[in-house]
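Here's the structure, in structure tokens; my notes come after.
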Amino acid sequence: GLEIEVQPGYSTHLITSNAVRFIEANRAPVYMLLHTYFGLEKPFLMRSDLLDGFSAVGDTDDGRTLEGRYPVGPALAYAHLSAALELVGRFDEAHDVAIAGAEVAARQGVARTFGSTLHANAARALYRLGRWDEAEGIASAAIEGGAFGSGRAGLLAARASIAIGRGDTETARRSLQDGDERIDAKTPLDARRWMAAAHAELALWEGRAMEALEHLTILADDPEGGSIATPSGPPAILDASIPQLLTLGARACADLTLEERAAGTTNGFAALAGKQVRAALDRVRRRKALATAWAGDLATARAELERAEGDAASRVRRWRTAVANVAGRPYASAYADWRLAEAELARRGGREAAAPVIERALGVVTTLGARPLEEELRSLARRARLAITTEAEKPAVAASLDEHPFGLTPRELEVLGLLADGLDNREIAEQLVISPKTASVHVSNIYGKLGVESRVAAATTAHSLGLGSPPRDAHGDND
């Protein structure tokens with residue numbers, strides 16, 4: 001059966017690797033064996049069905065119910081199971097179990113503590129499923145209902161993530177500030193990770209990749225130091241924030257690498273961070289159950305790293321894999337489609353392939369109200385001269401007849417590639433055996449077609465599309 005060991009004094013969400021493997025592999029009734037935490041002389045058994053939620057609370061051996069022996073025990077068990085289901089990507093079930101558990105917590109008078117943790121679990125699951133209005137409603141109601149402790153921090157992080165996705169930076173910053181004020185050294189690691197993930201995502205959307213990486217150093221708190229920590233120390237928690245942190249870390253590494261390359265400078269931080277992200281991905285890959293459960297996040301993280309390192313063909317391949325593996329998660333799918341469209345447009349003749357990808361992604365983000373991502377998709381379509389029309393709130397994108405990305409001429413593509421490699425106008429002129437004035441005219445035309453106003457911005461766009469000299473791959477295959 002499934003054993004989840006909980007030692008005295010432990011927080012919620014302590015899940016052993018055996019539990020993960022069992023939940024990931026089975027859809028039959030699950031048995032949770034919780035030891036000593038509740039002060040019972042003998043272990044008790046609690047049964048749940050992963051498809052229908054808790055159907056019964058088991059009796060202890062003296063005939064009294066668990067709820068009677070330890071009032072908050074059932075709420076804690078619901079929290080464990082919903083967290084375990086979230087960990088392995090079964091978000092529908094994680095939500096259902098969390099909501100059922102929150103009702104139990106309310107009956108037991110612990111709605112503001114255990115109930116807030118369960119509502120945070122439910123809100124995160126709904127966020128992943130693209131049910132953002134429901135997720136925001138749950139999080140806001142629980143926060144306004146007086147949630148406190150680590151559960152409140154989780155709720156604030158969930159609300160911030162939704163606000164970030166929708167471009168509501170005021171709500172996001174307010175939620176993050178509130179959460180930061182409630183976090184200290186005693187706050188469970190999983191709650192701190194979710195806050196760090198929200199901070200990092202906001203920083204990335206605002207172009208602050210270095211700051212995002214600073215928030216993501218929380219990944220250095222190693223969850224593999226032991227499945228159960230000593231009672232005197234903070235618990236070592238393996239939770240669903242880790243795949244999110246890994247994808248954000250890979251995204252930050254790619255963004256920072258492209259920024260450094262465009263500016264012609266490097267401090268080596270992006271390379272070091274990328275190396276750490278790769279090491280973490282390799283460790284997860286060795287844990288078969290987690291690698292299977294986190295396939296979408298891992299594929300996205302690898303594609304992010306390839307965005308800064310690989311050629312156009314490899315980037316297309318990686319992002320197609322990511323798109324396939326995040327099916328069922330609307331926002332993650334739309335984000336992967338955006339990156340896939342970028343990669344397609346970097347290839348000659350890729351416009352026809354990019355058009356339906358952009359169309360598909362726009363259909364998702366307009367429904368979600370994900371404005372920042374919608375703006376990126378529409379900007380990409382404009383720069384690529386893809387004509388956009390809206391029909392019944394579903395965008396349709398048609399490719400124009402231009403053969404080159406953004407309508408750039410072959411000569412302009414040459415100039416852009418050299419610009420992306422850090423050459424100034426005089427050096428470009430020498431390379432192409434043209435006058436510096438002609439080179440300057442080409443650069444001005446490129447700015448206009450890309451919709452940018454600086455060399456750094458033009459170079460960043462060029463690198464994102466695979467233009468310029470490809471960097472050396474010091475790491476080999478990232479499979």
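If you read the sequence from its start, that first residue is 1, and numbering goes on from there.
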Q) Atom CD in E309, atom CD in E304: separation rounded to 0.5 Å? A) 11.5 Å
Q) For A270 and E260, which heavy atoms make the closest approach, and how far apart are they? A) CB-OE1, 4.0 Å
Q | Heavy-atom pair of closest approach, residues A212 and A252 | A | CB-CB, 4.2 Å
Check this for me, if you would: do [X] and [Y] make a salt bridge, where the nitrogen-to-carboxylate-oxygen distance has to be below 4.0 angstrom?
X: E375; Y: R371; value: no
X: D92; Y: R128; value: no
X: R182; Y: D178; value: yes
X: R285; Y: D282; value: yes

Using side-chain heavy atoms (C-beta onward) and a distance below 4.5 Å, is [X] in contact with [Y]?
X: E93; Y: R90; answer: yes
X: V443; Y: R455; answer: yes
X: I162; Y: Y127; answer: yes
X: L202; Y: R208; answer: yes

Consider only side-chain N and O atoms of [X] and [Y], and report whether a donor and an acceptor are under 3.5 Å apart.
X: N121; Y: H95; answer: no
X: D311; Y: S314; answer: yes
X: R159; Y: S175; answer: yes

Q.
Test salt bridge (charged side-chain N to carboxylate O under 4.0 Å, His left out) on D297 and R302; report intermediate values, then the result.
A. CA-CA 9 Å; D297 297 286; R302 294 190 191 101; over 6 Å; no
Q) Hey, what's the ring geometry for Y335 with W319, parallel, tilted or perpendicular (30° and 60° as the breaks)? A) perpendicular
Q.
Please determine whether salt bridge (charged side-chain N to carboxylate O under 4.0 Å, His left out) holds for the pair D255 and R307, giving the CA-CA distance in whole Å, both sets of side-chain angles, and the decisive distance to 0.1 Å.
A. CA-CA 9 Å; D255 285 356; R307 181 161 61 88; 2.8 Å; yes
Q: Take E344 and R347 through the test salt bridge (charged side-chain N to carboxylate O under 4.0 Å, His left out) and record every step on the way to the result.
A: CA-CA 6 Å; E344 293 284 10; R347 303 197 302 173; 3.1 Å; yes
